[in-house]
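Heads up, the thing below is written out as C-alpha cells.
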Amino acid sequence: MIIFIHRRDLRVQDLAAFEYIVRTNQPSIHLFILDPFLLRKNRANEHSGRNFLLHLTALKQAYEKWKHPFYILYGSPADIIAEVLDHTSAGEVVAHRDVTPYGKQRDRELKKVVEGKGARWTLLLDHLLMDPADFQSYAHRTEPYKVFTPFFNKWSAYMHTYTPAPYTTHIRHLHPASFHVHDARLHAYEMPEALEQTLKQMEPEAVRLQPEERLTTFLDEALLHYEQRRDRYGHEEATSGISRHLNVGALSIREVYQQMMEYPAHSVWRRQLAWRDFYLYQAMLDPFYFEYEKHYDLEQLSDHHFQAWATAQTGIPIIDAAMTQLNETGEMPNRLRMITAMFFTKNLLCPFPLGETYFRYKLADYDNTLNRGGWLWSSSLGYDASPYFRVMNPVSQSQKFDPDGRYLRKWLPHLAALPDRDIHLPQPRAIVDLKNSRARAIEVYKGILSKAKSNPEQENR
Ligand SMILES: Cc1cc2nc3c(=O)[nH]c(=O)nc-3n(C[C@H](O)[C@H](O)[C@H](O)COP(=O)(O)OP(=O)(O)OC[C@H]3O[C@@H](n4cnc5c(N)ncnc54)[C@H](O)[C@@H]3O)c2cc1C
C-alpha cells in the first residue's frame, strides 16, 4: 500500500504520482496535511491562504465525486506520517518535490521518519515543464543558466524534442484504501473546528473555480491579442489569470502547455511559461537563490516608508491604485508588480525582502519561487535582473499603459473626476519626489552592488 501526500498539486488527474501509483498496482491512501507553520500569522485569512484553502476545498469535492477517501489532517507532517505508517500496512510514501527551503527541510525530516519506519520515501517531479537534471545534461551544462535568453533558446529546443505530454492517469484509475482516522492518537491531528468551518463555507465558491474553463476561455478569446494587451492593465482579461490555479497545482502545467500549442499565436505567452520554468529551475539548482540578500549590505535601506506603500498612501496614483487592488482582491497585473516593487526598492529605498514578504501574504497567486524571482529582478539584485540604473518612472508608466486612467479611476475613485492629463501625476501629499529619489536610488544601488560581500552571480556562473 502507498500513502500519497498532496501538497501543491491540488487536482485529481495528470499527476506524476498517480501515474507512478497506477504502475505499482497497489492501493493508495491519499491525504493532505495542513501544516500550522504555513498557516501562521493569520495566513488562512489572507488572499494567498484563502486561495489555497479554496482549492483544497475543491480537491475535497473532487475526491467525494470519485468516491475515493481523502483525509485532511492538521499538524506536523513528520508526526502525522509516523502515525499513519503505524496505523496502516503502507510500505511507501509518495509526494511531489518541493523547491523552497522550508519544503526541502520538511522533506528531509519526512524521509528520515519514513525510512526509520522501514518504508520507502519517493519524491517525484511534477510542477515544471522540464526536468532540470535532464535539461542540464541535454544542454551539456554543470552550472545552471543565469541569463534568461540563452536559457530560453535551449529550453525551446529541448521542449521541441521532449514535449511534455499530460499523464492520462485519473483518480478513478487508482485503488482506494482507507484507515481509521478516529483512532485516539490520530484524533489529535484532526482539523481545528474554525478551519473546518472555513472550508465548509468555501464550498459554493470552490465549485465555481473551474480552472480549465478559465484556461480555455483565455486561449480562445485573448491569446491572439496577448502581446498587444498584456501590459494594458486597465483592460481585464488581457492575461490568462491562471497563476492562482497553476501555483496550487489545480491546473497541470503539462495540460496548459499542450492546449496552448494547439493555437498558432502562442509564442509570446509560451515565453512567459518559460520564465516560470526558469525561476523554478534556478530555485532547484542554484544554492544562492533563496539567500541573495545575505550577499549584499542593505544597511542603507530602511523600512521608513513601508506602511505608506503597503496601505496605498504614497500619493503616487499608480502605486496606490495597484496596492489597493492587491489589498482588496489579492490580484495585481504583472506590469504593476514590477512598478510597485521597483518603486518600493528604489524610490523608497526599502529592502526587497520586506516587500517580498508583504506580497507573500497578499497575492492570491503567491508562489515563493516566482515571487522571489520578481523581487530580485525589480531590485536589480538577482541574476539577469533589471540593471540598477533602470528605475521605472511610475508616472510615465501609468501614462503609457493606462492612458485613459481607467485603472486609476476604478481603484482610486476619489481621483475619478480628474482629467486624463492630471490623473497620473503625483498628488501634493506624495511621500517622495520621483526625480530626486531616482537619482539617490541609482547611487545607493551602485554602491550595494559594488560592495557585494561575495558576488553570487560571479561565483555561481
Ligand atoms: C515583484 C513580482 C512578484 C511576482 N510574484 C509572483 C507570484 O508570487 N506568483 C506568480 O505566479 N507570479 C509572480 N510574478 C510573476 C507574474 O507577475 C505573474 O505570474 C502573472 O502576473 C500572473 O498572471 P497571469 O496568470 O494572468 O499571467 P499570464 O501573463 O497569462 O502568463 C501565464 C503564466 O506564465 C507565468 N508567468 C508570467 N509572467 C511571469 C513572470 N514575470 N515570471 C515568472 N512566471 C511568469 C505564470 O505562471 C503565468 O500564470 C511576480 C512578478 C513580479 C514582478
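Start at 1 and go down the list; that is how both ligands and their atoms are numbered. Keep in mind it's a predicted model, so treat the numbers as computed, not measured.
For an aromatic pair to be called close, the ring centres must be under 6.0 Å apart, and Trp269 with Phe218 satisfies this.
The residue Thr340 has no part lying near ligand 1, judged by heavy-atom distances below 4.0 Å. Under 4.0 angstrom from ligand 1, the non-hydrogen atoms of Leu363 all belong to its side chain. Of all the heavy atoms of Leu246, the ones lying under 4.0 Å from any atom of ligand 1 belong exclusively to the side chain. Residue Trp377 does not touch ligand 1, judged by heavy-atom distances below 4.0 Å.
Side-chain atoms of Tyr102 and Asn368 include no donor-acceptor pair closer than 3.5 Å. Using modelled atom types and a 3.5 Å distance limit, the side chains of Thr57 and Glu203 yield no donor-acceptor pair. In the model, Glu46 has no side-chain atom that pairs as donor or acceptor with a side-chain atom of Tyr366 under 3.5 Å. Remark: the Ser48 side chain and the Arg43 side chain contain an N/O donor-acceptor pair separated by less than 3.5 Å.
Distances between N or O atoms of Trp275 and those of ligand 1 include no value under 3.5 Å. Ligand 1 has a nitrogen or oxygen under 3.5 angstrom from a nitrogen or oxygen of Gly241. Looking at ligand 1, you won't find any N or O of Tyr279 less than 3.5 Å from one of its N or O atoms. Residue Trp269 places at least one N or O, backbone or side chain, under 3.5 Å from an N or O of ligand 1. Below 3.5 Å of separation, one finds an N or O of Ser243 facing an N or O of ligand 1. Looking at ligand 1, you won't find any N or O of Ser378 less than 3.5 Å from one of its N or O atoms. Between Phe218 and ligand 1, a contact under 3.5 Å exists for no N or O pair.
Here the side chains of Gln210 and Arg208 are not in contact, with every heavy-atom distance at 4.5 Å or above.
Using a non-hydrogen distance threshold of 4.0 Å, Arg230 does not register as a contact of ligand 1.
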Practice task
For Lys451 and Asp297, run salt bridge (Lys or Arg N to Asp or Glu O under 4.0 Å): C-alpha distance rounded to whole Å, both residues' side-chain angles, the deciding distance at 0.1 Å, then the answer.
Solution key: CA-CA 7 Å; Lys451 283 190 278 170; Asp297 182 353; 5.6 Å; no
